[in-house]
Amino acid sequence: MPRERLYLFDTTLRDGAQTNGVDFTLTDKLTIARMLDELGIDYVEAGYPGANPIDTSFFAERRPLRARLTAFGMTRRPGRSTSNDPGLAALLAAQADAVCFVAKSWDYHVRVALETTEEENLASIRDSVRAARAKGREVLLDCEHFFDGYKANPEYALACAKAAYDEGARWVVLCDTNGGTLPHEVERIVTEVCKTIPGDHVGIHAHNDTEQAVANSFAAVRAGARQIQGTLNGLGERCGNANLVSIIPTLKLKPEYAEKFEIGVSDAALAHLARLSHALDDLLNRAADRHAPYVGESAFATKAGIHASAMMKDPAAYDHVAPERVGNRRKILVSDQSGRSNLLAELERVGFAVEKNDPRLGRLLEEVKEREAIGYAYEAADASFELLARRLLGKVPHYFEVEKFDVNVEQRVNAKGERVSVSQAVVKVKVGDDIMISAAEGNGPVNALDLALRKDLGKYQSYITGLELTDYRVRILNAGTEAVTRVLIESADESGEHWTTVGVSANIIDASFQALMDSIVYKLMKSNAPA
Ligand SMILES: [Zn+2]
């Protein structure tokens, strides 16, 4: 059975750029466009030329992409001709393969917001589509507030869509602009629309205001639509747009869709999806959603002891898809609720063979519980867990020892009369019989300590050159009667592997030091550095 082609349209760089707190630079936009291209997205909507300088410069030159680069903009203004509308001229001058016009399709908005007649709005759609086609562009029409418009006046909403289609628009996109439409309504209305406009010319653009943007996208596909618009990680104003990072694996891995549809995303690209999702968060400087479907760190995690023992026997019976398909992994949480079977499963995952009735397991479990009671969080810090387990079971080489360190913070007035803080750290490390003393300045005490610690590790220096700290999180906890600080440090190395370590102390420098030490020792162990 030949599968039908379903098209993916990404608007991370246009609608996603409306997210509160997100400001893409031109470089960000180019980076994300390349990521989308590698993923196999069919259309990349990169912005609104003429609306701001960044989008205008993005479209000022030809960007080499496999995907169809799409410029977004308005149809001609009411009462003007297409040749006398600067906004439309900027849009048509953009170096893009496709143009996506947005037009009103709710009669109420046409009269009240646009202050024009229904007929003039239809003429504007026809003229704009015709002008873009004459320029050789593929044309899409985003029908704004289509579902609300359809409920109010189905004939008029449909007339807007049909005006674009009849004029040669490749796609008519039905937008749930305020995100309030429910899946059964989307399914019913798209079914009706597809009686007039063939489904392989119909797209869906859903917002997530009732947390059903993904469900609404699938409802539209079931009803006949063949283009899905969305964003990476569901970026978008208010509650976001339909999340392509959730939609793509469902299309690829759930038989109902996978057997019927073909998309531009290959199996190989799918296996990098988790990495891509996290790379976007890194670029936006925000923490990844641990609970994101498919790609979140907890998406294939389990905590309960009874499941863990069964999972070891048959992991597939507990996951709805294989985590490797999307570049994620199964995770068994080691926590204060965990039993022996969790512990065994996690040890097995990190490549550690222990007998099921090894008496040291009981000690390890006790140790984990005690430490979690004072604030350690091993389910978030897998590398520290592995080190703890290996230490108790006697298998971490003794690489080096920090004999002492000294950190100071100095605040003073500089020559320009500005108040500045300078942090310095001095670390004395013993490697074998050698003593190394290193000093460093940093933008804060922890940064200075990190730099000094990693400056000279003697014979181990070459093993840690690729080590990089990628995230640093601090939380103040109330453990017992005292407030303590928990520091989580995420590190990465040249192989792209990420790991997290934890430190806990009443003193933030001590907590950071523990987490830094664990990260370095973990890296040495992972690199098979000789003891
Ligand atoms: Zn939108």
Side-chain angles (χ1 to χ4, degrees), residues 7-24 29 32-33 36 41-52 55 69-75 87 91 96 98-106 108-110 113-114 125 128 139-151 157 160-161 164 169 171-183 185-186 189-190 193 202-221 225 227-247 280:
Y7 294 85
L8 298 174
F9 181 107
D10 180 279
T11 183
T12 304
L13 301 176
R14 201 275 302 170
D15 229 1
Q18 304 300 316
T19 312
N20 201 353
V22 167
D23 270 305
F24 293 128
K29 285 204 161 199
I32 295 169
L36 290 164
I41 295 293
D42 300 295
Y43 296 84
V44 172
E45 187 173 60
Y48 188 168
N52 64 67
D55 288 3
L69 189 61
T70 307
F72 174 89
M74 312 249 269
T75 50
L91 182 56
V99 166
C100 183
F101 287 111
V102 61
K104 307 222 175 284
S105 56
W106 185 355
Y108 172 78
H109 277 210
V110 170
L114 212 54
I125 292 172
S128 305
V139 182
L140 300 92
L141 182 80
D142 271 1
C143 298
E144 199 182 74
H145 291 288
F146 183 84
F147 294 91
D148 293 314
Y150 191 92
K151 287 183 208 167
C160 294
W171 294 100
V172 172
V173 183
L174 313 180
C175 301
D176 184 24
T177 308
N178 63 24
T181 311
L182 302 177
E185 299 173 310
V186 169
I189 293 172
V190 175
V193 172
V202 173
I204 178 74
H205 176 109
H207 278 261
N208 203 31
D209 298 69
T210 70
E211 215 175 20
Q212 301 189 86
V214 169
N216 279 342
S217 304
F218 284 112
V221 169
Q227 183 194 95
I228 300 178
Q229 298 201 344
T231 58
L232 292 178
N233 295 350
L235 286 189
E237 64 183 326
R238 303 188 312 273
C239 316
N241 286 55
N243 185 357
L244 288 178
V245 173
S246 297
I247 288 172
L280 181 72

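As the structure lists them, so they are numbered: ligands from 1, and atoms in each ligand from 1. Computed from a prediction, not measured in an experiment: that's the story for all the values here. When reading the values below, keep in mind they use all heavy atoms of this one structure, side chains included, and skip hydrogens, waters and symmetry mates.
The closest approach of Asp15 to the Zn ion (ligand 1), by N/O/S atoms, is made by OD2. In terms of distance to the Zn ion (ligand 1), the nearest N, O or S atom of His205 is named NE2.
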Side chain to side chain donor-acceptor pair (under 3.5 Å) evaluation trace for Tyr43 with Trp171
CA-CA 12 Å; Tyr43 296 84; Trp171 294 100; 2.9 Å; yes

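Between the Zn ion (ligand 1) and Glu237 there is no N/O/S contact shorter than 2.8 Å. The Zn ion (ligand 1) has His207 among its coordinating residues (N/O/S atom, backbone or side chain, under 2.8 Å).
Ring planes of His109 and Trp106: parallel class, angle under 30° (limits at 30 and 60°).
In summary, Arg14 and Asp55 do not engage in a salt bridge, as defined by a charged side-chain N under 4.0 Å from a carboxylate O.
For the residue pair Asn233/Asn243, the side-chain donor-acceptor check at 3.5 Å is not satisfied.
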